[in-house]
There are 2 protein chains.
Amino acid sequence: MSEIQRPGALYRQVAAAIRDAIASGEYPPGAPLPSEAQLIERYQVSRPTVRNAVAALRSEGLLEVIHGKGSFVRGASSPVVTIDRSVSQDDGGAFTTEGAAEWEEVEEPHIYRTHTNAVTGPQLGLREDEALFGVDRLLIDTTTATRVLHQTLIPFATAEGTDLAEHPGTEPARIYALLAAAGHTLWWSETVRARMPLPDERTSLQLQDATPLLETTRVTHGTKDHPLILEVLRTSADRAQLAYRITPDPTPKLRATRT
Amino acid sequence: MSEIQRPGALYRQVAAAIRDAIASGEYPPGAPLPSEAQLIERYQVSRPTVRNAVAALRSEGLLEVIHGKGSFVRGASSPVVTIDRSVSQDDGGAFTTEGAAEWEEVEEPHIYRTHTNAVTGPQLGLREDEALFGVDRLLIDTTTATRVLHQTLIPFATAEGTDLAEHPGTEPARIYALLAAAGHTLWWSETVRARMPLPDERTSLQLQDATPLLETTRVTHGTKDHPLILEVLRTSADRAQLAYRITPDPTPKLRATRT
DNA sequence: TGACGTCACTCGTACTAACGAGTGATGACT
DNA sequence: AGTCATCACTCGTTAGTACGAGTGACGTCA
């Protein structure tokens with residue numbers, strides 16, 4: 001072996017050596033790494049050790065391995081799409097949720113009835129087992145092919161007396177307009193988290209290895225004291241980032257929450 | 001073997017069987033999994049296969065493995081701390097960035113000089129290689145021990161003529177107050193992304209396996225046409241989530257960006 | 001009683017070996 | 001010329017084996 005020696009496990013040394021080689025530009029983004037056989041030769045280690053090292057780099061998101069072809073350097077994955085989470089309202093009262101123009105539904109939205117659970121109940125200010133409409137959408141950005149899972153949960157209490165009871169599959173921006181027309185002054189609170197995807201999320205969002213999931217939960221508040229709508233958006237952290245616009249809030253913090 | 005059979009690789013079948021066992025409550029969160037030797041016995045496979053299966057579940061964030069003790073079920077990790085990213089301003093003009101009361105600096109902030117690069121330049125509306133002050137902080141939430149890395153980048157052009165040129169290590173909320181006092185009307189744009197941590201981020205934030213990093217970038221805008229300050233916040237997606245407050249924006253979207 | 005060494009148990013690392021499976025190019029056959 | 005079988009190369013999976021290293025309990029010895 002040439003450049004490896006000190007720290008701990010052999011495979012970590014090999015991983016570090018490869019990491020350095022990538023950082024030094026020896027293997028630029030997109031370039032193929034030497035094959036396992038060549039790495040075995042170069043570092044004079046066994047195949048399990050090489051595979052262990054490659055696996056480590058893969059879990060760091062540094063490599064992409066394609067069966068039958070080889071390992072490739074995955075350039076610093078910077079998000080491709082910026083999803084603007086601010087909400088605009090034009091003179092006519094119509095709302096624009098950024099992206100409405102860019103995203104396209106690939107399938108019919110899945111509309112169903114469900115109930116609040118231990119998570120969604122508190123978020124909506126409801127007890128558990130309260131009736132909800134649910135709408136699941138799979139959206140795809142037409143230019144970048146970025147996929148987004150979008151779920152809308154509408155309490156019966158919110159839908160009652162509006163068009164929503166008949167057409168829960170209405171698009172969010174129209175729902176906002178509906179609620180505003182019903183006399184609500186709307187504002188939203190949103191939380192953002194990230195986690196590793198579940199197996200089914202990996203497939204439906206077509207996530208690569210070591211790609212976290214970005215998940216944002218938006219609660220629509222109206223003039224009444226309890227929340228009106230719950231929306232959850234899930235997408236690949238590799239492909240998308242979220243954008244917010246913040247203006248100073250004259251009301252001293254009401255929202256110091258802790259779970 | 002008992003419950004495993006169909007789909008693809010043996011180790012995936014074993015992983016699925018263990019995943020099901022966890023889901024079924026056979027191994028509740030916090031409980032120890034059978035040892036490797038017992039899993040070998042139970043599923044009648046070799047040790048590499050068992051280890052492969054366990055590694056897969058570990059990378060899903062479902063298991064935590066402790067050397068010398070065993071493997072343990074890691075219950076659905078819901079964030080512990082909510083970081084409110086909205087900004088409040090009281091009558092006296094002082095700003096409150098939520099969390100200021102809860103977070104504590106563990107070390108002296110690291111203050112240095114640096115330059116814009118290909119990423120930070122455009123974000124600040126500057127060319128590359130423009131001079132900046134940099135301030136790095138490691139903050140810890142006193143009640144939950146959640147760690148946060150915070151970086152502030154201040155262009156010389158912003159600091160000039162203000163207290164910042166002398167004291168770049170000023171806290172963000174005070175910087176906002178300073179800029180407001182200098183005649184700026186402030187607003188902020190913020191982007192959120194997630195990715196797997198780099199090795200050094202893993203250690204400084206004490207991240208466990210399969211824990212993504214939440215990273216948010218805040219740009220402070222004033223009355224002038226170019227941005228004033230850049231802040232980057234990094235924390236464990238396992239321990240923290242971000243919160244935003246959204247109000248309808250009368251200006252039709254100016255911010256449809258794409259990188 | 002207290003300190004410490006030992007031991008049994010756990011996972012971590014490393015090697016050899018063999019075969020399966022995906023990919024792409026080459027070349028023969030129609 | 002076009003189609004398709006083959007082959008070489010890549011990574012994927014599995015088995016078997018050995019020893020290193022961290023942890024905690026137990027028992028011995030002072």
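Throughout, a chain's letter reflects where its sequence line sits, starting with A, and its residues are numbered from 1.
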Euclidean distance, atom CZ of residue A:R12 to atom P of D:dG20 [Å, nearest integer]: 19 Å

pair A:L39-A:I18: side-chain heavy atoms closer than 4.5 Å: yes

Length of the CD1-P vector between A:I66 and D:dG12, whole Å: 10 Å

Which residue lies more 5' along DNA chain C, comparing B:L33 with B:P48 via nearest heavy atoms: B:L33

5'-to-3' dot-bracket of DNA chain C (Watson-Crick, G-U; under 3.5 angstrom; crossing pairs as [ ]; | other strand): ||||||||||||||||||||||||||||||

Side-chain touch B:V50/B:Y43, heavy atoms, less than 4.5 angstrom: no

Side chains of A:L242 and B:Y244 in contact at under 4.5 Å (non-hydrogen atoms): no

Carboxylate-amine/guanidinium proximity below 4.0 Å for A:D209 and A:R74: no

Range on DNA chain C touched by chain A - first to last nucleotide, heavy-atom distance under 4.0 Å: C:dT13 to C:dG24

Student check: side-chain heavy atoms of A:W103 and A:I83 closer than 4.5 Å: yes

Side-chain heavy-atom pair A:S236, A:L205 within 4.5 angstrom cut-off: no

First of A:N52 and A:G68 reached from the 5' end of DNA chain C, by closest nucleotide: A:N52

Atom-to-atom span, CG of A:L63 to P of D:dC11 - whole angstrom: 11 Å

Nucleotide D:dG12, atom C1' - distance to CG of A:D209 in whole Å: 13 Å

Whole angstrom value for the distance that separates P of D:dC19 from CG of A:L10: 18 Å

d(CD, B:Q13; P, D:dT13) in whole Å: 12 Å

Candidates A:R218, A:H150, A:Q151 - the one meeting side-chain hydrogen bond (donor to acceptor under 3.5 Å, both in side chains) with A:E231: A:H150

Given DNA chain D, 5'-ward residue of the pair B:T49 and A:A37, judged by closest heavy atom: A:A37

Full working for side-chain hydrogen bond (donor to acceptor under 3.5 Å, both in side chains) between A:D200 and A:T203: CA-CA 5 Å; A:D200 59 315; A:T203 57; over 6 Å; no

Student check: side-chain heavy atoms of B:Y11 and B:P48 closer than 4.5 Å: no

Between C1' of D:dC19 and CZ of B:R47, the distance in whole Å: 11 Å

